[in-house]
Every structure is written in structure tokens, then in C-alpha cells.
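Written out below as C-alpha cells is the structure these notes cover.
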Amino acid sequence: MFYFCLALCAMFLTYSVGRYLSARTRLVDKTIEETIARRLSVSALMIELARLKEENGVMRNLLIDMVENEALLSETAHMSKADKARASNLRTLRRREIFGETIFTLQRTQNTAITEPYSKIQG
């Protein structure tokens, strides 16, 4: 009976130590991951990636606006000539506005690429 109690205590102690070491390992892994994430968040490459994502979103929205603008007149087939002319003028004005926004975005992108060549992602 003594040996049985001794074996039971040894198994419980082994189990407890294993859980303790496992918990410490998970805590250290979590700390390492947080440190890596914090260091990457201030990295020049991550900042450049965030800027590129923002510019990609702006250009995508401009393209969606262009498609919607072009489809607007084709959907309204039953219009008088005066209404069609007015709609065509409005579509042309909106197209020029979208192109102006696109040119501004592209110029800003090119200026950023010229002033910050060190942060450009190579590949």
C-alpha cells in the first residue's frame, strides 16, 4: 500500500510539473509573438504595406465609381433628347472629376515613391 501511495504521488507530481512547464511555455510563446508583432508594426516595410493597401483601396473605389458612372446612362433608355443630353453632360463632368481624382492619387503616389525610395518593397 505504501508503494501504491508513493507511485500515485509521483504521478500527480509529474502531471502537475508538466502542466506548469506547459503553461510557462505558452506564456513565453505569447510574449515572443507580441514582441515580434510590436516590432513589425513600427517597421518601415509594414508602414509601406499599409500605405499601399490604402492607395489600392482608393484606386479600387475610383474604378468602381467609373463603372457606375458609365452604366448610369445605359440603364435609363426611355428619356427625352434633352434629358439624355443633360445626363450625358453630367456623366462627362463626373468622368472628368473621377479622372482628376485618379491623376491626383497617382501623382501623390509617385511623389511618395520618389521621396521614400528606401521603404519601397523590392521583389
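Being a predicted model, the structure only gives us computed values, none of them experimental.
A search for side chain to side chain contact (heavy atoms under 4.5 Å, CB included) contacts involving L106 returns M59, T102, not counting sequence neighbours. Legend: residues meeting side chain to side chain contact (heavy atoms under 4.5 Å, CB included) with F104, ordered by chain and number and at least two apart, are R108. With sequence neighbours excluded, the residues satisfying side chain to side chain contact (heavy atoms under 4.5 Å, CB included) with I32 are V28, I36. Scored by the side chain to side chain contact (heavy atoms under 4.5 Å, CB included) test, T25 finds D29 as partners (sequence neighbours excluded). With sequence neighbours excluded, no residue forms a side-chain hydrogen bond (donor to acceptor under 3.5 Å, both in side chains) with S41.
Pairs engaging residues 56-67 under the salt bridge (charged side-chain N to carboxylate O under 4.0 Å, His left out) rule: D65-R94 [sequence neighbours left out].
Heavy-atom minimum distance, L62 versus I98: O-CG2, 3.9 Å.
With values rounded to the nearest 0.5 angstrom, L45 atom CG is found 10.5 Å from L52 atom CG. To the nearest 0.5 Å, atoms CG (N61) and OG1 (T105) are separated by 10.5 Å.
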Go through the steps to decide whether R38 and E34 satisfy the test salt bridge (charged side-chain N to carboxylate O under 4.0 Å, His left out), and finish with yes or no. CA-CA 6 Å; R38 189 172 47 252; E34 288 173 352; 5.4 Å; no
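With 3.5 Å as the limit, one finds a donor-acceptor pair spanning the side chains of S80 and D83.
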Ignoring hydrogens and angles, write down the donor-acceptor pairs under 3.5 Å from the side chains of residues 1-24, residues two or more places apart or on other chains.
| from | atom 1 | to | atom 2 | distance (Å) |
| --- | --- | --- | --- | --- |
| T14 | OG1 | A10 | O | 2.7 |
| S16 | OG | F12 | O | 3.0 |
| Y20 | OH | R24 | NH1 | 3.4 |
| S22 | OG | R26 | NH1 | 2.8 |

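Linking ILVMFWY side-chain heavy atoms closer than 4.5 Å, directly or via other members, places F99 and L93 in two distinct hydrophobic clusters.
K30 and E33 are not joined by a salt bridge, as no carboxylate oxygen comes within less than 4.0 angstrom of a charged side-chain nitrogen.
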